[in-house]
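Working notes, beginning with the structure itself.
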Amino acid sequence: MPIYNFSAGPAVLPQEVLQQAAAEMLDWHGSGMSVMEMSHRGKEFMSILEATQRDFRELLAVPANYKLLFLQGGAIAENAIIPMNLAGRKGQPATADYINTGSWSSKSIKEAKRYCNVNVAASSEAVHFARIPARDSWRLSPDPAYVHICTNETIDGVEYHFTPDVAADTNNAPLVADMSSHILSRVVDVSKYGVIYGGAQKNIGPAGLTLVMVRDDLLGNALPGCPSAFDWKIVADNDSMYNTPPTYAIYIAGLVFQWLKRQGGVAEMERRNIAKAALLYDYLDSTDFYRTKIASDCRSRMNVPFFLSDEALNEAFLSGAKERGLLQLKGHKSVGGMRASIYNAMPIEGVQALVAYLKEFEHSA
Ligand SMILES: *Cc1c(COP(=O)(O)O)cnc(C)c1O
C-alpha cells in the first residue's frame, strides 16, 4: 500500500531524494565519508554548498543584488532577527508595519514588539483569518522600516495570490515575507521583496535550515544587541560560513533542488500544485458533509484545512485514513478539524487517494 504523508511540517520529501541520500549515507561520492562527517570548509562540502546555492538561485531566478543566506533558528528565530537587522534603518525608535493574516503573522508581530514599534496595518482576525485583508484597507504608518507579511499561513490556510506593490501598498518600505510553507511552490518575482525568508522543513527539506534572501542595500543596519551569527551582513560577508551551517540539511535541500530541476522547475511545480489543490477543493465544495472556511480567492494551495460537518466522526475519519496509508491529517490544535498539506513532494496520486477516501467515508457514514 502506498503511504501518503499530509504532515504540515516537517513534511514529506521526494522519495527519489530519500533513496539517493540513503545510497550516499555512508560514503558520499567516493570520499569515504558521510556528508554529516565532513568539515564544512573542506572541498567536498564546499562543492555541495555552492551547487545548492546555485540551484536555488536558478530555480527562483534570484537577482544578483540579493544575498542568499543559510542560517539556523527557523522562521521563529527570524521573527526576532528581522527587526534586529532592519529596525535600525530609520534611526530609533523605528516602526515596522505588519499585516496580520493568521497564527504565524500573529507570532511575528508579538516577537517584533520586543525590538521596535509595531503598527498592525491590517488584520483579518475579526473574520477568523478567513481571508487576506484587501490592499486598500491597509493603514500603513508614515515611514515604516519595513512591511511584513506571511504569504502562506500554514495553520489557517490562507495564501496571497497577489504581490503587494512597494509604491502603492508599502509606502516604499521594503516588503519582508515569511514564505516558509510555500517557497518554491509557485513562481515569485523576488525583486518585489526586500527580504524573503523561511524554514526548510515544509517545502524544501529537513528541519534545521533557514533560508533568507536579502537585498544588498538592506544589509549593515543591525541593532547593537544583534548576535553576530544573526547579523545578516556578517553572515553574507562570510558566505553563510560565519558559524557552522546545518550541513546535512543543506545537502538534502540541495538534492531536493536537483529533483525540482528534473521535474521542470518551479513553473511546472506551480502547474501541478494548482491541479492538486483544485482536485481537493472541488471535491470539498461539492458536498455538505465536509466544510472549508477560507474565502475562495485566498485559499492556500499548500495547506488545506477542512472540517467534518459532524465533528463526532473525527476520530473515525482519522483512523480510517491511517488504515489506508493517509497519514497526519489531523488539523492544528488551534483550528481543529483536519488539514491536508500538499507540498511539492506530494504527488497528485496522493491527492486522488485522499479524495477517494473522502468520498468513501462520506458514503459509509
Ligand atoms: C512552520 C512555520 C514557522 C515556524 O518555523 P520554525 O522552524 O518552527 O521556526 C513560521 N512561519 C510559517 C509560515 C511556518 O509555516
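Only this structure's heavy atoms are used, side chains among them; waters, hydrogens and symmetry mates stay out. Order of appearance sets the numbers: ligands from 1, and atoms from 1 within every ligand. The shown structure was predicted, so the numbers you read here are calculated from the model rather than taken from an experiment. The residues of the chain are indexed from 1 along the displayed sequence.
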Exercise. If you look only at pairs with a residue in residues 219-233, which of them pass as a salt bridge (charged side-chain N to carboxylate O under 4.0 Å, His left out), with sequence neighbours excluded?
Worked result: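 The answer is Lys233-Asp237.
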Exercise. Any side-chain heavy atom of Asn152 within less than 4.5 Å of one from Met179?
Worked result: no
Problem set entry | Cation-pi, Phe307 ring and Lys293 (6.0 angstrom, 45 degrees) |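 So Lys293 does make the cation-pi contact.
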Exercise. Can you name the residues that form a side-chain contact (heavy atoms from CB on, under 4.5 Å) with Asp288, not counting sequence neighbours?
Worked result: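 In terms of side-chain contact (heavy atoms from CB on, under 4.5 Å), with neighbours along the sequence ignored, Asp288 is linked to no residue.
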In a simple table, one pair per line, please give the protein and ligand 1 atom names for every N or O pair closer than 3.5 Å, along with the distance.
{"residue": "ligand 1", "atom": "7 (O)", "partner": "Gln201", "partner atom": "NE2", "Å": "2.8"}
{"residue": "ligand 1", "atom": "9 (O)", "partner": "Ala75", "partner atom": "N", "Å": "3.1"}
{"residue": "ligand 1", "atom": "9 (O)", "partner": "Ile76", "partner atom": "N", "Å": "2.8"}
{"residue": "ligand 1", "atom": "11 (N)", "partner": "Asp178", "partner atom": "OD2", "Å": "2.7"}
{"residue": "ligand 1", "atom": "15 (O)", "partner": "Thr154", "partner atom": "OG1", "Å": "2.4"}
{"residue": "ligand 1", "atom": "15 (O)", "partner": "Lys202", "partner atom": "NZ", "Å": "2.6"}

Exercise. Out of Val214, Ile81, Val195, which one pairs with Leu86 under the side-chain contact (heavy atoms from CB on, under 4.5 Å) rule?
Worked result: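 Answer to the side-chain contact (heavy atoms from CB on, under 4.5 Å) test with Leu86 among Val214, Ile81, Val195: Val195.
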For this session: For residues 29-51, pull every pair meeting side-chain hydrogen bond (donor to acceptor under 3.5 Å, both in side chains), keeping only residues two or more places apart or in separate chains.
Result: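 Listed by first then second residue: Glu24-His29.
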